[in-house]
Amino acid sequence: MAPIPRTPPEETRTRVQSGKALLVCGYDSDEKFRAMHLEGGISLAEFRTRAAKLPKDQEIIFYCA
């Protein structure tokens, strides 16, 4: 299995603000999402409801602690 690529915070912010990437908090818990929420990020629950409608080429960046 290939290593998971890491994206520097500055690059992530630029991609999310420009609409090139979707930022997803990787926690199932709403409480953890509220505690770890980053600007522009969505919850894992919201991602799951939107996943089927996302373009196949949409870049998705997951984050957690």
Side-chain angles (χ1 to χ4, degrees):
M1 181 184 276
I4 297 171
R6 304 228 179 239
T7 306
E10 311 80 32
E11 190 175 329
T12 297
R13 182 179 176 99
T14 300
R15 289 179 181 181
V16 170
Q17 287 181 336
S18 70
K20 293 180 181 177
L22 182 63
L23 185 62
V24 181
C25 182
Y27 291 112
D28 266 337
S29 162
D30 287 337
E31 183 179 324
K32 282 190 177 182
F33 171 69
R34 285 189 297 274
M36 303 298 287
H37 180 257
L38 296 177
E39 181 183 342
I42 63 169
S43 69
L44 190 56
E46 183 178 346
F47 170 73
R48 287 180 175 146
T49 62
R50 294 173 52 183
K53 297 176 186 171
L54 292 174
K56 298 294 182 195
D57 61 347
Q58 174 70 57
E59 180 179 9
I60 301 166
I61 301 173
F62 288 90
Y63 73 92
C64 63

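Note that these values count all heavy atoms, side chains included, but never hydrogens, waters or copies made by symmetry. All of these numbers come straight from a predicted model, not from anything done at the bench.
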Shortest non-hydrogen separation from Cys25 to Met36 and the atoms involved: SG-CB, 4.3 Å
Linked, directly or transitively: Leu22 and Leu44 (ILVMFWY side chains, under 4.5 Å): yes
Arg50 CZ to Glu46 CD distance, which is reported to the nearest 0.5 Å: 5.0 Å
Closest heavy-atom pair and its distance - Glu59, Lys20: CB-O, 3.4 Å
Reported CZ-to-CG distance for the pair Arg15 and Leu23, which is rounded to 0.5 angstrom: 11.5 Å
Closest heavy-atom pair and its distance - His37, Gly41: NE2-O, 3.2 Å
Under 3.5 Å: donor-acceptor pair, side chain of Tyr63, backbone of Leu38: yes
Euclidean distance, Ser43 OG relative to Arg48 CZ, rounded to 0.5 Å: 9.5 Å
Verify same cluster id: Ile42, Leu54 (apolar side-chain graph, 4.5 Å): yes
